[in-house]
Amino acid sequence: MLLVPERQEIEDFKCMVHITDLRYCKLSLLNYLVELATPYQASLLLAHMPMSGLPSLETKEALDIFNNEISSHLRYDKLFFDQIKEKNLEKVYDVLAYGMNTGLLAVVNHRFHLEDIVSQYQIYTLPTHITIPLLVFPN
């Protein structure tokens, strides 16, 4: 499902961000994002945020998962990784959307990440701090 903020024009994008916990990241979903990014030559950033209640990964462990379990299977030269340590989610989304000039934010529909974004809002309504399209994948 693609949620588009009111008065937002969908245009070519140069950067897409997928917020995920690397321990539960699905290659099939990433393959879809790579296919979506390829015609635009957009960068695809995997932003690792641990699910609520799970311990953070050490940097080396996160990089090992990214390099050995993800990027080695996708072979997309514009695939990048960042380990998000900030706990204030509004700050995280602000940096990802504005600081990185992101054109599309992707999450999975489960109680982590998506509900973190829209928890205090009605379902299928984007909060005002999310001003870029939000692509929601089924769980």
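On a predicted model such as this, the values are computed, not experimentally measured, just so you know.
Taken from CD1 in Ile132 to CG in Leu105, the straight-line distance is 5.0 Å, to the nearest 0.5 Å. Note that the CZ atom of Phe137 and the NE2 atom of His18 stand 7.0 Å from one another [nearest 0.5 Å]. Atoms OG and CG, on Ser71 and Leu44 in that order, are 11.5 Å from each other to the nearest 0.5 Å. Within the model, atoms CG of Leu57 and CD1 of Ile65 stand 5.0 Å from one another, a figure rounded to the nearest 0.5 Å. Atom CD1 of residue Ile19 and atom CG of residue Leu46 lie 11.0 Å apart, to the nearest 0.5 angstrom.
The aromatic rings of Tyr40 and Phe13 sit tilted, their planes meeting at an angle between 30° and 60°.
Leu22 and His48 get closest at one heavy-atom pair: N-ND1, 3.0 Å. Closest heavy-atom contact between Gly103 and Pro133: O-CD, 3.3 Å. The two residues Ala42 and Cys15 have their closest heavy-atom pair at CB-N, 4.1 Å. The two residues Val108 and Pro138 make their nearest non-hydrogen contact at CG1-O, 3.8 Å.
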Check against side-chain contact (heavy atoms from CB on, under 4.5 Å), Phe81 and Ile70: CA-CA 10 Å; Phe81 167 74; Ile70 296 172; over 6 Å; no

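A single hydrophobic cluster is seen to contain both Val136 and Leu45, as judged by linkage of ILVMFWY side chains at heavy-atom distances under 4.5 Å, directly or through other members. Met49 is connected to Phe80 through a chain of hydrophobic side-chain contacts under 4.5 Å among Ile, Leu, Val, Met, Phe, Trp and Tyr, so both are in one cluster.
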Identify each donor-acceptor pair in which a side-chain atom of residues 25-38 lies under 3.5 Å from a protein atom, sequence neighbours left out, and give them as a table.
unit_1: Asn31; atom_1: ND2; unit_2: Leu27; atom_2: O; d: 3.2
unit_1: Thr38; atom_1: OG1; unit_2: Val34; atom_2: O; d: 2.6

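At a threshold of 4.5 Å between non-hydrogen side-chain atoms, the residues Val107 and Leu134 count as touching.
For the salt bridge (charged side-chain N to carboxylate O under 4.0 Å, His left out) condition, the pairs that include at least one residue of residues 43-61, sequence neighbours left out, are Lys60-Asp64. Residue pairs meeting the side chain to side chain donor-acceptor pair (under 3.5 Å) criterion with at least one member in residues 72-83: none, sequence neighbours excluded.
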